[in-house]
Amino acid sequence: MASVKESLKVKGRVGIVLKDKDGQIKETRQIDNLVVAAGLAHIARRLEGTSTELMTHMGIGDNSNGTQPTPQSGDTQLTNQLESRKEVTKSVDGTTVTYNATFGENESEGAITEAGIFSQATDGVMLCRVGFPVVNKGLADSMTVSWEVSLVSSS
């Protein structure tokens with residue numbers, strides 16, 4: 001009998017849409033992200049049933065020096081989170097969970113270079129982190145971040 005080797009990968013993809021005060025799209029981005037070690041451990045605890053925490057918030061940051069951060073597996077926070085995390089809306093389609101948050105006018109403006117998904121409004125477990133070239137969010141702009149996290153089986 002042939003042996004079957006199967007592995008499970010967690011894959012993330014982030015979409016960013018920046019709009020001006022009139023709702024006109026100024027910029028769009030699609031970026032792959034890193035599911036950090038704490039996020040992978042959280043998924044395992046959820047599968048086992050020992051964790052009841054859900055991923056509920058998203059934060060964005062400016063990395064304080066305006067450069068694109070390089071996410072690392074051991075990351076647990078953003079380098080320089082701007083203002084408060086936003087509560088996300090969530091949906092599930094098959095093996096993909098999508099998290100959405102909009103940072104509106106007068107919220108978190110600046111040279112945005114990073115984002116993360118978290119289990120709480122402050123502190124909590126980080127699931128994913130992404131770094132990207134600067135997105136300049138003005139005071140009157142809104143920025144919507146859509147984050148897909150997929151469980152992918154490969155043999």
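Values below: every heavy atom of this structure, side chains too, minus hydrogens, waters and symmetry copies.
Within the 4.5 Å cutoff, the side chain of V135 has heavy atoms near those of the R29 side chain. Taking 4.5 Å as the limit, every side-chain heavy atom of I16 sits out of range of all side-chain heavy atoms of T28. By the 4.5 Å heavy-atom criterion applied to side chains, Y99 and L127 are counted as neighbours.
Looking at residues two or more places apart in sequence or on another chain, you find a side chain to side chain contact (heavy atoms under 4.5 Å, CB included) between S142 and K19, T102.
Residue F118 shares its hydrophobic cluster (ILVMFWY side chains chained together at separations under 4.5 Å) with L34, V36, L78, M126.
Scanning all heavy atoms of the two residues, the minimum distance from V149 to C128 falls at CG2-SG, 3.8 Å. Counting all heavy atoms, side chain and backbone alike, R129 lies closest to T70 at NH1-O, 4.4 Å. The nearest pair of heavy atoms linking E114 to P69 is CB-CG, 3.7 Å. Shown here for V125 and H42, the closest heavy-atom pair between the two residues is CG1-CB, 4.0 Å. For the residue pair E27 and V134, the shortest heavy atom distance occurs at OE2-O, 4.4 Å. Nearest approach of R85 to D123, heavy atoms of both residues: NH1-O, 2.6 Å.
Salt-bridge check for R46 with E53: failed, with every basic side-chain N at 4.0 Å or more from each acidic carboxylate O.
Around atom CG of D32, more than 12 heavy atoms belonging to other residues, nucleotides or ligands sit under 6.0 Å away. Heavy-atom contacts from other residues, nucleotides or ligands closer than 6.0 Å to NZ of K11 number 12 or fewer.
The NZ atom of K86 sits 11.0 Å away from atom CE of M143, with the distance rounded to the nearest 0.5 Å. Expressed to the nearest 0.5 Å, how far CG of D20 lies from CG of D141 amounts to 6.5 Å.
Checked by atom type, the side-chain pair S146/N100 shows a donor-acceptor distance below 3.5 Å.
Hydrophobic clustering keeps V152 apart from L40 (ILVMFWY residues linked when any side-chain heavy atoms are closer than 4.5 Å, directly or through intermediates).
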